[in-house]
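I have placed the structure first, in the form of structure tokens, so that the comments after it can refer back to it.
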Amino acid sequence: MSKASVDYFSTDSGPRKRDDTGFPPLPLRRKSLADESAREGRRASRRVETPPVEIAFLLDHGVSLDALNKAAGLARRQGVSADAALLAEGVVEEAFFYRALAQHLGVAFIDDTIELAPGALAAAGLGYVRLRDRRDGVRWLFAPSGTQIFRLTSVARAAKGRPLFAITTRTRFLEALRDAYPRDAVYAASHSAEQIDRDLCVRGSTTRAPLACATAALICIVVSLFAPFETVNLAVAFALAAAFLASVVLRLSACASSASGQEDARWIDDARLPVYTVVLALYKEAAVAPQLARAIDRFDYPRAKLDIKFVIEADDAETAAALRAHPPRAPHEIIIAPDGAPRTKPRALNIAMPLARGALVAVFDAEDIPDARQLRRAAALFAAAPPDVACLQASLVIDNGALNWMTGMFALEYAALFDVYNKGLSRLDLPLFLGGTSNHFRLAALREIGFWDAYNVTEDADLGLRLARAGFAVRTFDSHTFEEAPAVFRALVKQRTRWFKGWMQTAIVHCRHPAGFFADLGARRAFAVLAMLAGGVLGPLLGPLLMCRLAYHALFGALLRPTTVFETACCGLWCFLALSGAAALLWPILAGMRRRRLSALRNALPHLPIWLFMLSIACWRAFFELWLRPFHWEKTEHGLTMRGHPEGSGEQPLFEQEAGA
């Protein structure tokens, strides 16, 4: 340990001899309060006179002792190195810090393009890499932090003016790593899930044969509903009735269970919080960049423990420029996704995963405004949960619901889904289809299942089911994220088309091998998933046809005028199914409206039939897209109805006065 570090942790007296009781002997005289106060003052003064070695060299470069001591105090509270706290809070610029460190060590500082030697990535996890072009004998490149700075000081002294390494910034270091990405790593971003289990991935499952089988089954169902053969007609009708009844029972059970006790999480000190990686896959999102930066800076989480990753497509220079013009104060990096197929959000998320530093990972969308304490609460819940809890889903809340009836219905639907239905599924220990944002994961669990399936256009629903089949649990928790709903009918249909297409992909993938499906989930959970798929896919596809047939039989048939026992039983079943279906549809909406205090949006409820018809249009459109362009990602445009940011623009910087750089 260096002299500086010894002084930093020292006390002003050595060990004293213990008596027979095991306690130090009493002092020979009583010290006055003034003596004790003076002694404590000298001890504190001695502590602050020498900052930690990883930042002490900045005293020679114009940074004030007060700023360094504040950073050291913050680092102790957060359980991070002093340099990490200093840089995370923006006391000095990153380039200034590493340039000053290079000067202190007497080595070269590299701030331009860096080319790494073949195989250099093998040592990247240790914090250094080997250079391809040896500059003045320099072989190794460092962007050190924490104790590595102290070790390099010793190495530089031992080299006697001829060190074999150079210093660069953390940003340049990571850029060099990304530029040196081997081709197989780029390939893995598109096929990582397939390398774990190809049978559970879309690309190998949605071939012509499975699609043809699914299409033939759908055609048979539609034709049989209106066929003149009563036996076939009844058989199909009863099969559909059983499927929809299972969906109704599941929805009602989830609603009843959603009101049970909430999860409890104890407060975790900053020093015990893990590093948290936050990933945002962005495309054509320049309009929301300022709002996004403010939302990130509102996080109540130690900045030195935040690892923000923006993943941008190579042809999206506007978003990259907007992020550089309006950056968050938290440590972040902009990752340019290498060209490749498919160009989807899950592939972009996969690209960021090998660079993630955190044990926990959160995924957000560009327009999101999460609850400021969402990361802290999720970290506390993960710490208290058993290891098999791999994911926590926060509630999504629409904050432009008052704009028109469509955004109002969107807000009511989200309240029903995230505050009622999903919470009930979580209480019942059933699989649930994740929302595409505000998901929090254990990185180890994601790695075990191969991360996201890059070809599934509803990657969130698929991921929730693959986690369940791998033996992991998904839970909801009481935190919210504000989102923007599409305000135009065309945009709404396009968004729902992609969602339905992804659900169809997921249904085909996981139902291809029923034996494995039931073996992985167990009978109870497997039937619950089938009920979800029946309500989520068959409902919008066949719902309008069934309602038309029901209305026809009510007006012209025997639905309300049965004459035989058999007709009476059938009519009772259809009427019960219709009424219970209406209850299963309205109960979550009304419960979500009450829990989210959305009574002002009740005027949107009369538009529910139009909303359901829109869902049917989107679902049939998705069915045809599944044949024509199965992996096409229809992007939802954001920033069209910009909202005011809640409660200001984020917390104030820790240090009001920046150190001179």
Open item on the list: Using a 3.5 Å distance criterion without hydrogens, assess whether the side chain of Lys305 forms a donor-acceptor pair with backbone atoms of Asp270.
Closed with: yes
Task: Considering all heavy atoms, the nearest Asp368-Ala295 contact - done: O-CB, 3.7 Å
Open item on the list: Distance alone, cut at 3.5 Å: any donor-acceptor contact between the side chains of Ser479 and Asp371?
Closed with: yes
- [ ] Keeping the roles fixed (side chain from Asp399, backbone from Phe482), state whether a donor-acceptor pair exists under 3.5 Å.
- [x] no
TODO: Could you tell me which non-hydrogen atom of Leu463 sits nearest to which non-hydrogen atom of Trp452, and how far apart they are?
DONE: CD2-NE1, 3.3 Å
TODO: Decide whether Ser190 and Asn350 meet the rule of one side-chain donor and one side-chain acceptor closer than 3.5 Å.
DONE: no
Task: Test: Lys345 and Asp365 ion pair at under 4.0 Å - done: yes
TODO: May I ask you to check whether Gln393 and Ser438 show a side-chain donor-acceptor distance below 3.5 Å?
DONE: no
- [ ] Take the angle between the ring planes of Phe364 and His440 and call it parallel below 30°, perpendicular above 60°, tilted in between.
- [x] perpendicular
TODO: For the pair Arg498 (side chain) and Val457 (backbone), establish whether a donor and an acceptor sit closer than 3.5 Å, ignoring hydrogens and angles.
DONE: yes
Task: Within the 6.0 Å centroid threshold, strictly below: Phe97 and Phe57 - done: yes
Open item on the list: Assess, by modelled atom type and distance only, whether the side chains of His510 and Arg466 contain a donor and an acceptor separated by less than 3.5 Å.
Closed with: no
Open item on the list: For the backbone of Ile312 and the side chain of Glu285, can you confirm whether one donor and one acceptor N or O come within less than 3.5 Å of each other?
Closed with: no
- [ ] Say whether, by atom type as modelled, one donor and one acceptor occur between the side chain of Asp197 and the main chain of Ala193 under 3.5 angstrom.
- [x] no
Open item on the list: Looking at Asp460 and Gly436, would you say the former's side chain and the latter's main chain have a donor-acceptor pair under 3.5 Å?
Closed with: yes
Task: Side-chain touch Tyr455/Arg347, heavy atoms, less than 4.5 angstrom - done: no
Task: Donor-acceptor under 3.5 Å (Gln291 side chain, Glu367 main chain) - done: yes
Task: Residue pair Glu94, Arg170: steps toward the salt bridge (charged side-chain N to carboxylate O under 4.0 Å, His left out) verdict - done: CA-CA 8 Å; Glu94 182 188 46; Arg170 186 71 181 168; over 6 Å; no
Open item on the list: Regarding Glu625 and Thr497, do their side chains bring together a donor and an acceptor under 3.5 Å, going by distance alone?
Closed with: no
Task: N/O donor-acceptor pair under 3.5 Å between Tyr98 side chain and Pro144 backbone - done: yes
